[in-house]
Structures are given as C-alpha cells and as structure tokens.
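Given the structure is predicted, the values throughout are model-derived calculations rather than measurements.
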Amino acid sequence: MNISTKNLNKLSDIKTIKNLSKSLAALDAILCSEWEFRYYSYDSKWSDSEELGSMRDGSGSEYKILFNQYGAAINGFDCDSKMSPWISKKPKYWPGLFENMPSEFQEFIDTEPIPSIGTTFFIWRLNKDKTWKTGTVTFPKGRDDGSEELLYILDGNPLTYQKWAEEYYEMEVSLDLVKKIYGMNKIDASFLKKLKVEIDDLDQLRNDLVDIGYPINF
C-alpha cells in the first residue's frame, strides 16, 4: 500500500522528506530548464525561517510541504476529490482536516498560497513527534482525499522517480543520476559530464540549485 493519509507509517522522518524534496526539485531542474514545465520545486528561502517543497501537476492538483523550526506540514489538494472545498457554492474545508493541528502550522494554512489552492488533506509532524499525524476525517463513501495519488513519489525509491520522469519528460532518465541526486551528492561539472547529462544553460541550473539549497561546486 502506497503512502497516504490512511498509511502514514511509510512516510519517512522530516529530515529525509526534506532532502528528498530537494532532490526531486534538483532532478527536475536538471531534466527541464523551463521552470513552468517542472512538477517538483523547492524554495530554500521561502522566508527567513521556513523552506517549502512543492508539486504541481499542471491540471490543478498539488502539494506544498512546509519545513520550519517546529517540524513539517504537508498541504495537499486533489482537484478531483469530492473533499475539495470548491465543490460547493460556499467553499469550505472538509470537516476534521485541521482537527488537533498544532498552532505552529496555523499561519501556513491561513496565508497564501494555501487558501487559493485549497486543501483535501493535511499532514503534520512536530520535531518531537515520532509519527506523522492528521485530523480525524470521515471520507465520502467510495471516495478519498487524493493523498495516495499525490504522495507516492515520497517513497524514497529512485525507481519511482525514474519511471515517472521518463513518462512525463518523454526521455531516457539515468537511474544512476537519480540515485546520486537522492544521495545528495554534490554536483559539479565532472559529475554532469560523467553521467552524460546535457545542460542547456549551466548558469541557470546553478541559480536553480542554489535556490533549492542543493549542494553544488560549479
């Protein structure tokens, strides 16, 4: 069973998810020079004390992962879910989504872009917690919150990203490249040359990786 709000035991600890989020963004930056066509991104300077990992599928579904001094929180939105706040004339969150949510994440859900995006699932973990948590939610009959479809990439398996990227970018993707990036190996010119990665704009890639906070040496 894949990662979902019903199966959070497969979601790794905060540090692992943070590094994985950076790796996903770095891989997308390497494979696609145009930011608007990327799925995964990461902003290591979201604020003075926060970082933000993101996924957007181009069809309206996305997630945002906040990393701050208290822990991490994942806001997910599946545009096809019956739990979307936008399915009613007066938009409102599905009951229980934020029940028992720590106050440390209140600002995250109250400020943009979350209110404009919407929420169908919300997951959090304080640094002191041993597990990820959610509110108490009763799902619509025969429906779900979209978390399994959106969070599967966070399983930490390089094969999962390789398979997805080859389908999405319609190109052959080196598994060795994915493994090395997942391992947070420092990127330099020889690294790219050895793995036979062609980069259209090396300066742009450098800037992107600096914004992501991924280790480089070029």
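- Under a 3.5 Å cut-off, the side chain of E148 and the backbone N or O of S4 do not form any donor-acceptor pair.
- Checking side-chain atoms of T111 against main-chain N and O of E107 turns up a donor-acceptor pair under 3.5 Å.
- The closest donor-acceptor contact from the side chain of N7 to the backbone of N2 lies under 3.5 Å.
- Remark: side-chain polar atoms of T160 are not paired, donor with acceptor, to backbone N or O of I153 under 3.5 angstrom.
- Side-chain contact between D13 and R125: present, with at least one pair of heavy atoms (C-beta onward) separated by less than 4.5 Å.
- Cation-pi geometry between R143 and W94 is not satisfied (NZ or CZ under 6.0 Å from the ring centre, within 45° of the ring normal).
- Here the CZ atom belonging to F218 is positioned 8.5 Å from the CG atom belonging to D188, to the nearest 0.5 angstrom.
- D211 places no side-chain N or O within donor-acceptor distance of the main-chain N or O of D43, the cut-off being under 3.5 Å.
- With sequence neighbours excluded, no residue satisfies salt bridge (Lys or Arg N to Asp or Glu O under 4.0 Å) with D144.
- By the 6.0 Å contact criterion, CD on E170 is open, its count of non-hydrogen atoms from other residues, nucleotides or ligands being 12 or less.
- Within 6.0 Å of the CD atom in E112, the count of heavy atoms belonging to other residues, nucleotides or ligands exceeds 12.
- A cation-pi arrangement is absent between K179 and Y161 under the rule of less than 6.0 angstrom and at most 45 degrees off the ring axis.
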Distance-only criterion, 3.5 Å: show the donor-acceptor pairs between side-chain atoms of residues 62-71 and protein atoms not counting sequence neighbours.
from : atom 1 : to  : atom 2 : distance (Å)
K64  : NZ     : S54 : OG     : 3.4
N68  : OD1    : Y70 : N      : 2.9
N68  : OD1    : G71 : N      : 3.0

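- Taking the six-membered ring for Trp and thresholds of 30 and 60 degrees, F122 and F108 have ring planes inclined between 30 and 60 degrees apart.
- Using a cutoff of 4.0 Å between basic side-chain nitrogens and carboxylate oxygens, D208 and R38 are scored as salt-bridged.
- Under the 3.5 Å distance criterion, the side-chain polar atoms of T16 are left unmatched by any main-chain donor or acceptor of S12.
- Separation of atoms CG (L24) and OG (S41) is listed at 10.5 Å; rounding is to 0.5 Å.
- Of all non-hydrogen atoms in Y214 and K180, the two that sit nearest each other are OH-O, 3.8 Å.
- Taking CD of E149 as the reference point, atom CG of L151 lies at 10.5 Å (rounded to 0.5 Å).
- T136 places no side-chain N or O within 3.5 Å of a backbone atom of G96 that could act as its donor or acceptor partner.
- Atoms CD1 and CZ, on I74 and F105 in that order, are 10.0 Å from each other to the nearest 0.5 Å.
- Between D129 and L126, some side-chain heavy-atom pair lies under the 4.5 Å cut-off.
- No donor-acceptor distance shorter than 3.5 angstrom exists from the side chain of T134 to the backbone of T5, with no hydrogens or angles considered.
- Rounding to the nearest 0.5 angstrom, the gap separating the CG atom in L175 from the CD atom in E166 is 9.0 Å.
- The aromatic ring centres of F98 and W124 sit 6.0 Å or more apart.
- If you take OG on S147 and CG on D78, they are separated by 9.0 Å, rounding to the nearest 0.5 Å.
- Screening D145, I117, I114 for a side chain to side chain contact (heavy atoms under 4.5 Å, CB included) involving F77 leaves a single residue, I117.
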